[in-house]
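Take a look at the structure set out below.
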Amino acid sequence: MIFAAIMAVEIKDLISSVIALSAAGLGLCLAFLILKAPNLAITQLVVEILCVIVLIRGTINKDLPLVKDGRWLFNTIATLFSLAVLLLFSYLALKELPNFGAPLMRVSQEYISTGLEKTGSPNLVTAVALNFRGYDALAEAAIIFTAIIGTLAIARKIGKKDEE
Amino acid sequence: MSLIVKTITRFTVGLVLVYGIFITLQGHVSPGGGFAGGIIITLAFIQLMLAFGQDEVLRKLNQEKGLLLAGIGAILFLVIASRIFLKPQQHSFVAEKHFQLLSAGFLSLSEIAIALMVAAGLFVIFLTLVLLIEEEEKEKK
Amino acid sequence: MSILLYFTIVPLGTAFLVTLLRKKKGISDLLAVLSSLYLFGLSLATAGLTKSHGVMIYKVGGWFPTIGITLVVDGLSAFLLVAINLVAFLVLIYAISYMERYTDKWKFHALFMFMLAGLNGVIISGDLFNLYVFLEIASISAYALVAFGVKPQNLEAAFKYTIMGAVASIFILLGIALLYSYTSTLNMADVAYCLSDKAKNPLLVFIWVLFLAGFGLKAALVPFHAWLPDAHSSAPSPVSAMLSGVVIKTIGIYALMRIFFNVLGVSINLLSVLMASGILSMVVGAFLAIAQNDIKRMLAYSSISQVGYIIFALGVGTPLAILGGLFHLFNHAVFKSLLFLDAGAIEYSTGERNMDKLGGLNNKLPVTGYTSLMAAMSISGIPPLAGFWSKLIIIVAAVEAGYIGYAIVAVLISIVTLVYYLKFQSFVFFGKLDAVYNKIQEVPLAMKTALVILAVICVMGGLMLTGTFRPFLEGASNVILSGTGYKQAVLGAIR
Amino acid sequence: MSLYFLCFILFCVGLYSVLRKRNIIKIIIGLGIMEYAVNLFLILVGYRMHGRAPIFAKDQEILNMVDPLPQAMVLTTIVIGLAVTIIAVSLAIRIYEKYGTFDITKIRSLKG
């Protein structure tokens, strides 16, 4: 997946970088399956398809003038250095986390034990997402709706009347 | 699109649509919830549109109707959600009918509302992006 | 206390209704103004309620707190709710006539309602992930609103804002993910409860840095302020009034306060970091503002320096400083949105935004002239007006806390603010009237009423310190002072 | 521990692409990658060593289940990522229509 991500960033041509991104997305979907999250695998796969459609929509026949100007080298070194610092700090911080296989399950233990009785839905993930934390699902619907109205607002022809 | 693609889509669109509805209704039993189901239904519409060209699909579901549908789905979900939040009640479910279709009461109702809204809404987004390009091409020519 | 839920459900419902009833002409304005009036009334009611019995809790869906999401309103959030809904209501009245120049008014109202729902949701949520989702709603609708007048400049500014905002949200999400892995609960009081017994370790420092970067970018602190001048100057002026008056405060400063003071606990070096970034943004904002000749761009830069004041006051950390900071936050919300609405009125009537070309508008636009005079005087701290009191408190608190050097810098900056506001006043309103502008007439009624009401609040703000409002402001500031005492208050109220 | 670190490397790849690349579409791709990285990190956090998917089967009783809470969170973050990408792409299309290019250095009409 990391390899696909680096490829997506480095490839010169636009369309193939979008395809490399979808490869990274599919890798993520597989990772969800391995990590026992089938619910997410389906959603990730489908959302990723839509993402790729929209991205390809944007890049059908567009050029990619990749010109390197003077300070190019300095910029890359500066960004790489800052990323290295970020990685160093994250390494230090990650040591503190509880180790990989044993998540301390303070709250979700109750979800598992009482999930079936309280909500009656065997698929705990939907139970948590819709019933226990239903308020988030409401916010989720609002997010989709803002994206819809936002695209409509951005895509209209004349914005301000008098100037055009 | 070529004839082959048309015949293939004629078969698969129905299948994809049914699969999307299945995922939505089975949201609380098997994996995959309202969101995934809704998007699968949108993909079925998009596939239809790609295969059979724009005008035919637009006759059935153009932007206005899509937006209307999305709005209704959203209002439905809002009503269901606020009804539950305002009257907090813990209803325990009878054990044995857990795995049937509509066993979680309001849960599958809100799933359907979300799926309706997601399907109609994302299709409207696809339409706006595609229609935008047609006008752009016309300007260029 | 189920009324808390109406804060988000009512704007969302109006937004959905506006999309459905988009065909009828005036319906979207009516719905939007009505619902924001209702919200304003509701926020006053909640302010009264919180004054009577402290922290108010609402368990969404009836689930016990750590399982379900809880909504928490205490002194601080009630104070901010009143400020936001007040400014939103007046901006909507202003927008009735201003938005005639834009096509598709219903889209503006729908997006505005979503932004309002997002802001209210951020303030009342007592759950980390829920705060992130509502923050995202407010930001996405802000991106679309900045690009509302679809001209090349607006699009570029909106794109810059979208990229920076998206990066900031991802940093915040990463911070929440790390916090979840460390404490495995999302309820803010619960997280504070778990963190209280764990010692400081590199992970907490890393989480602090992530949150500081994310919320700092949303609040346009200096290293991350690049998007603010473009976004605010190219957005339609009701939107930029909301943006600089309210949105950076709630998403940036309120969330910063809530998480740093109440959840993660505050340490000395964190306070010094806040103070340093406050001073930095004060100085940079003020000096950049002088150089501008475009009205809105100048106002945007002055927003950065005023936000610097508030962050500086929080950095000082003494009770008086926090009181001054909060009071300045309320004042700045009121008079900065008034100034942006004035700039919009000027642009509405003359169609020109460049200060040098305008002149002598006072006799042609009396209302706008006097209201912006009052706002300009208040922001630069002329004694009788509200701005003076809040800056005075901050400077006095800084002197008391021993940061004499910083206090002097603050005084100098407020003088610089006075300079560029006088320059703005004299260029635009006094001086000779250009020939081409003599036929302009006053702005329509709706805009005038909003301007006048805001100006009155601006003058009346001085009362906030004395009289009835004092306990209201006290309530807000001692919520922060109690720091991680927040968790006792919330957990106590739940049981 | 090492898996978390790999996830952070993916995050830095995305961050690098957002900061360094000049083409708008590459920036949007960078955002997508960062979104993937954080989602992966959230799920990694909630994984129990040889746990089972959090779905009750009809007959047998499943003991060690994977933590369902991060999965509910990631369900929301995926859709947020989609919404942000859609807004960014529609802005990019409009900018391409007005400016004729995707290169952000050429779109410098606003004084920073």
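In the text below, chain A, chain B and the rest are named by the order of the sequence lines, each starting its count at 1. What you see below is based on every heavy atom in this structure, not just the backbone, and it leaves out hydrogens, waters and symmetry mates. Note that this is a predicted model, so its numbers are computed, not measured.
Among all heavy-atom pairs drawn from C/Phe159 and D/Ala88, the shortest one is CE1-O, 4.0 Å. Nearest heavy atom pair, residue C/Tyr132 against residue D/Thr77, reads CE2-CG2, 4.2 Å.
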Verify side-chain contact (heavy atoms from CB on, under 4.5 Å) between C/Leu173 and D/Phe41, making sure each step is shown before the conclusion.
CA-CA 11 Å; C/Leu173 186 63; D/Phe41 180 73; over 6 Å; no
- Task: Could you walk me through whether C/Glu136 and D/Val84 pass side-chain contact (heavy atoms from CB on, under 4.5 Å), step by step?
- Result: CA-CA 9 Å; C/Glu136 202 59 34; D/Val84 170; 3.4 Å; yes
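Heavy atoms of C/Tyr161 lying under 4.5 Å from chain D are absent altogether. Contacts between C/Ala147 and chain D at a heavy-atom distance below 4.5 Å involve the side chain alone, from C-beta outward. Looking at D/Leu31, the atoms closer than 4.5 Å to chain C (heavy atoms on both sides) sit in the backbone and in the side chain alike.
The distance from atom CZ of D/Arg94 to atom CG of C/Asn154, rounded to the nearest 0.5 Å, is 11.0 Å. With values rounded to the nearest 0.5 angstrom, D/Ile24 atom CD1 is found 8.0 Å from C/Ile163 atom CD1. Summarising the geometry, atom OH belonging to C/Tyr143 is positioned 10.5 Å from atom CG belonging to D/Leu91; distances are rounded to the nearest 0.5 Å.
Aromatic ring orientation, D/Phe8 versus C/Phe206: tilted (interplanar angle from 30° to 60°).
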